[in-house]
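All remarks here apply to the structure that follows.
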Protein chains: 2
Amino acid sequence: MPANPQVPEPTIIRLSAYLRALRRLEADEAERASSATIAERAGVSPEQVRKDLSYFGEFGRAGLGYGVPELRRHLARLLRADRELRVVVLGVGRLGAALLGYRGFAERGFRIVGAFDADPEKVGMRLGPHVIMDVQHLPYVVVELGAEIGILALPPEAAQQGTDLLVAAGLRAILSFAPTPITVPAGVTVRHMDMTRELEVLAYYLPE
Amino acid sequence: MPANPQVPEPTIIRLSAYLRALRRLEADEAERASSATIAERAGVSPEQVRKDLSYFGEFGRAGLGYGVPELRRHLARLLRADRELRVVVLGVGRLGAALLGYRGFAERGFRIVGAFDADPEKVGMRLGPHVIMDVQHLPYVVVELGAEIGILALPPEAAQQGTDLLVAAGLRAILSFAPTPITVPAGVTVRHMDMTRELEVLAYYLPE
DNA sequence: GTTTGTGAATGAGTTCACAGCA
DNA sequence: TGCTGTGAACTCATTCACAAAC
């Protein structure tokens, strides 16, 4: 499923943190940064930074560190953060509606180009700049507006069906907020966000 | 930091999925379930289920599988899902406000007992059943209402300071939505939810 | 002196495979 | 026969440690 299977997935996750660190360094007008500097801001070890970056090339110079704008550009390219990525949201309940209003998307280059629901009551409703569309228009919007990522915000009972719709519409990347496993064909990447799971994990580690 | 350091963290995360699977099985009135049944509903392998459960005891019977209500109770106890857990939210911007309205909390035994912000404009505002309080009342609420988990919904610049407030108030578990690493003293557990990170990871795996 | 890139060593977690119980 | 519990084998990821580059 990964584009480059020999790169560990944890590395990809950290890349996102490195990119953030480099943006801050660039904002502070730093020209160069050592792996130690980046590591500190990303919350990992310097060796980890070097090892992770080494999967993609030799970006640094011994004794000098990494060129901040250059490395920032490389990482942005890897994470597709150098271009706008279009996103559709399937499921406009409370959670989906909250996501539609989330400003962090635009700031980081993600643009919501469609919000969908199967409930006829909701179709046609306006939510900020978005008009809720019927799911049957999903494939059209994906193709015509070039959406590449689907956000699944449906209740667990509807999660698999919704997933199938996203996949049938041509999406190859799904961020699911449904607290249930979903199955997808090879070539489709899924990631889960599950607040209840996180709270339960925290609860486990609670003292007493 | 873990309560039981020899149990792998991925195991704890899966425990949450097993608990969900068992609740569904219980709702379906299943009396027994094999590791294969649980595994399927949790999206993992049967061996994984058995190994994970074996860290906590011998709950199954060879040839018969696991007793559904019994195992459900065991897992609920482990994840503290057998009692109400009180939660405070620090930061009532868009995201924090959305979290205050999230119904999944109550359903799973989490109760928001306080919403806090440092902005005097926001203090005193009502949001559903919640009245935003000033951060200076945080320690009081944590102690008096027995809050055990803090949700951090502040912008990255304020994240560390907010973390320090939560820790100083006596909280030992933090769920952070801030896209930046935070440092906490030993004995405090932190987990992160970062939607932008997840989207960037998905973007990496996008074809072409 | 500083800092990178990377093989080698270590550590962590998963899967295998099977003995033993129901 | 069906299924658990678990050491052993294996796979995956991180950390170490150092030669080479600046």
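Quick note: numbers below take in every heavy atom, side chains included, and nothing from hydrogens, waters or symmetry partners. Note that the coordinates shown come from a computational prediction; the quantities given were computed from them, not determined experimentally. So you know, we letter chains A, B, ... as the sequences are listed, proteins then strands, and number each from 1.
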Margin query: Does B:Arg61 reach a base, just sugar-phosphate, or nothing at all? Heavy atoms under 4.0 Å.
Written below: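 Since only primed, P, OP1 and OP2 atoms lie under 4.0 Å of B:Arg61, the category is sugar-phosphate.
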Notebook entry, point to check: At under 4.0 Å between heavy atoms, what does A:Arg14 touch on the DNA or RNA strands: base, sugar-phosphate, or nothing?
Noted result: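 Result for A:Arg14 = sugar-phosphate.
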Notebook entry, point to check: Does the side chain of B:Ser35 get closer than 4.0 angstrom to OP1 or OP2 of D:dC3 through an N or O atom?
Noted result: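 Result: no.
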If I take atom [atom1] in residue [X] and atom [atom2] in nucleotide [N], what distance separates them, rounded to the nearest angstrom?
X       : N      : atom1 : atom2 : value
A:Glu47 : D:dA17 : CD    : P     : 10 Å
B:Arg50 : D:dG2  : CZ    : C1'   : 11 Å
B:Phe59 : C:dC21 : CZ    : P     : 20 Å
A:Ile12 : D:dC12 : CD1   : P     : 15 Å
B:Ile13 : C:dA12 : CD1   : C1'   : 14 Å
A:Gln48 : C:dT4  : CD    : C1'   : 15 Å
A:Glu9  : D:dA13 : CD    : P     : 8 Å
B:Leu53 : D:dT4  : CG    : P     : 10 Å

Just compare [options] and give me whichever is closest to any side-chain atom of [X].
X       : options                : result
A:Glu58 : C:dG13, C:dT4, C:dT6   : C:dT6
B:Tyr66 : C:dT4, C:dT14, D:dG5   : D:dG5
B:Ala62 : D:dC3, C:dT3, D:dG5    : D:dC3
A:Pro10 : D:dC22, C:dT15, D:dA13 : D:dA13
A:Tyr55 : D:dT4, C:dT14, D:dT14  : D:dT14
B:Lys51 : D:dT15, D:dA8, C:dG13  : D:dA8
A:Ser54 : C:dA22, D:dG5, C:dG5   : C:dG5

Notebook entry, point to check: Under a 4.5 Å cut-off applied to non-hydrogen side-chain atoms, are B:Val142 and B:Leu166 in contact?
Noted result: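 Counting from C-beta outward, B:Val142 and B:Leu166 never come under 4.5 Å.
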Margin query: Please determine whether the number of non-hydrogen atoms from other residues, nucleotides or ligands lying under 6.0 Å from atom CZ of B:Arg83 exceeds 12.
Written below: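 Yes, enclosed.
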Next item on the list: Establish, from distance only, whether the side-chain atoms of B:Arg50 and B:Ser35 form a donor-acceptor pair under 3.5 Å.
Entry: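 Note: B:Arg50 and B:Ser35 side chains meet the donor-acceptor criterion.
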Item checked: Which atom of B:Phe116 lies closest to which atom of B:Val92, heavy atoms considered ->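 In terms of heavy atoms, the two residues are closest at O-CG2, 3.5 Å.
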Note to self: Please check this pair: side chain of B:Thr37 against backbone of B:Ala33, looking for a donor-acceptor N/O pair closer than 3.5 Å.
What the structure shows: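 Side chain of B:Thr37 to backbone of B:Ala33, a donor-acceptor pair under 3.5 Å: no, none is there.
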Margin query: For A:Thr11 and A:Gly63, find the nucleotide of DNA chain D closest to each by heavy atoms; which residue's nucleotide sits nearer the 5' end?
Written below: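 Its nucleotide being nearer the 5' end, the pick is A:Thr11.
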